[in-house]
A.B. asks: 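A single structure is presented below for examination.
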Amino acid sequence: MNDLLFTLVEQEEYEILLEEAMNEYGQSILQLVYSYVRNSTVSEDLTQEIFVKFYNSLPTYSKQSSLKTWLWRIAINHCKDYLKSWYVRKMQFIEHIHTMFESSKEMIEEEMVKKEESEELVQNVMSLPLKYRELIYLHYFEGYTIKEIAELLSINSNTIYKLWIGSYICKCSVHWHRA
């Protein structure tokens with residue numbers, strides 16, 4: 001293949017040479033470009049631009065390296081130039097801002113859902129009978145242990161355990177009503 005390409009360069013058959021180079025190296029160049037830009041649409045556009053550059057530069061080809069190596073060098077330089085371009089830096093900045101905005105928006109939505117769920121939970125707990133509400137409040141909201149609650153309310157801890165079972169049943173019914 002290289003002999004054919006060199007012959008075409010010497011005969012200045014640039015259109016045929018371009019076609020042969022695209023057939024032989026097109027997919028490889030596309031993959032190389034994709035490894036730089038990680039976007040298939042941009043990769044296809046840049047690959048076309050690379051082959052245009054290749055075609056326009058053929059009269060200056062000095063045969064110091066293989067045509068493939070020379071084409072790869074054009075592709076790599078073109079990719080680097082693209083990545084350094086003002087347009088890409090601006091688009092990356094905009095995408096970064098957009099991503100931050102979207103994640104912030106999602107966080108706000110999550111916070112709103114949590115707030116609504118928390119308000120609903122408080123309403124459900126407040127709708128329980130006082131003896132269960134008191135137990136749930138002291139344990140879950142204030143962090144007291146059953147022994148501490150028993151001392152605080154001057155109730156036998158066995159009574160607390162019985163209330164605990166009752167509050168568990170109430171809690172389950174609250175959860176089932178929410179689901």
A.B. asks: May I ask whether Tyr34 and Ile74 are part of the same hydrophobic cluster, defined by side-chain heavy atoms of I, L, V, M, F, W, Y residues being less than 4.5 angstrom apart, directly or through others?
C.D. replies: no
A.B. asks: When you measure from the side chain of Thr69 to the backbone N and O of Ser65, does any donor-acceptor pair fall under 3.5 Å?
C.D. replies: no
A.B. asks: Show your working on side chain to side chain contact (heavy atoms under 4.5 Å, CB included) between Phe51 and Leu71 and close with a plain yes or no.
C.D. replies: CA-CA 8 Å; Phe51 279 105; Leu71 177 58; 3.8 Å; yes
A.B. asks: At what distance, to the nearest 0.5 angstrom, does CD1 of Ile76 lie from NE2 of His78?
C.D. replies: 13.0 Å
A.B. asks: So Tyr82 and Glu49, side-chain hydrogen bond (donor to acceptor under 3.5 Å, both in side chains) or not? Walk me through it.
C.D. replies: CA-CA 11 Å; Tyr82 173 79; Glu49 292 172 12; over 6 Å; no
A.B. asks: If Ile, Leu, Val, Met, Phe, Trp and Tyr residues are connected whenever their side-chain heavy atoms lie under 4.5 Å apart, and connections chain through other members, are Ile50 and Leu30 in the same group?
C.D. replies: no
A.B. asks: For side chain to side chain contact (heavy atoms under 4.5 Å, CB included), just list the numbers for Ile29 and Trp72, CA-CA rounded to whole Å, side-chain angles, deciding distance to a tenth of an Å, and then say yes or no.
C.D. replies: CA-CA 7 Å; Ile29 293 293; Trp72 255 247; 3.7 Å; yes
A.B. asks: Rounded to the nearest 0.5 Å, what's the gap from CG on Leu32 to OH on Tyr25? Could you check?
C.D. replies: 14.0 Å
A.B. asks: Between Thr47 and Gly26, what is the shortest heavy-atom contact and its length?
C.D. replies: CG2-O, 4.3 Å
A.B. asks: If you measure only the distance, is there a donor-acceptor pair under 3.5 Å linking the side chains of Tyr55 and Glu15?
C.D. replies: yes
A.B. asks: To the nearest 0.5 Å, what is the distance between CG (Leu83) and CZ (Arg38)?
C.D. replies: 8.5 Å
A.B. asks: Looking just at side-chain N and O atoms, do Ser57 and Thr60 make a donor-acceptor pair shorter than 3.5 Å?
C.D. replies: no
A.B. asks: Of all heavy-atom pairs between Thr41 and Asn39, which one has the smallest distance, and what is that distance?
C.D. replies: N-OD1, 3.0 Å
A.B. asks: Examine distances only and state if a side-chain atom of Gln31 and a backbone atom of Ser28 form a donor-acceptor pair shorter than 3.5 Å.
C.D. replies: no
A.B. asks: Out of curiosity, Asp81 CG to Ser85 OG, how far, rounded to the nearest 0.5 Å?
C.D. replies: 8.5 Å
A.B. asks: CG/Leu18 to CG/Asn56 distance, rounded to the nearest 0.5 angstrom?
C.D. replies: 9.5 Å
A.B. asks: Answer whether the closest heavy-atom distance between the side chains of Trp70 and Gln64 falls below 4.5 Å.
C.D. replies: no
A.B. asks: Side chain of Tyr61, backbone of Leu67: donor and acceptor closer than 3.5 Å?
C.D. replies: yes
A.B. asks: Do Tyr36 and Lys80 come within less than 4.5 Å of each other through their side chains, counting heavy atoms only?
C.D. replies: yes
A.B. asks: Answer whether the closest heavy-atom distance between the side chains of Phe54 and Leu58 falls below 4.5 Å.
C.D. replies: yes
A.B. asks: CD of Glu117 to CE of Met112: how many Å apart, nearest 0.5 Å?
C.D. replies: 12.0 Å
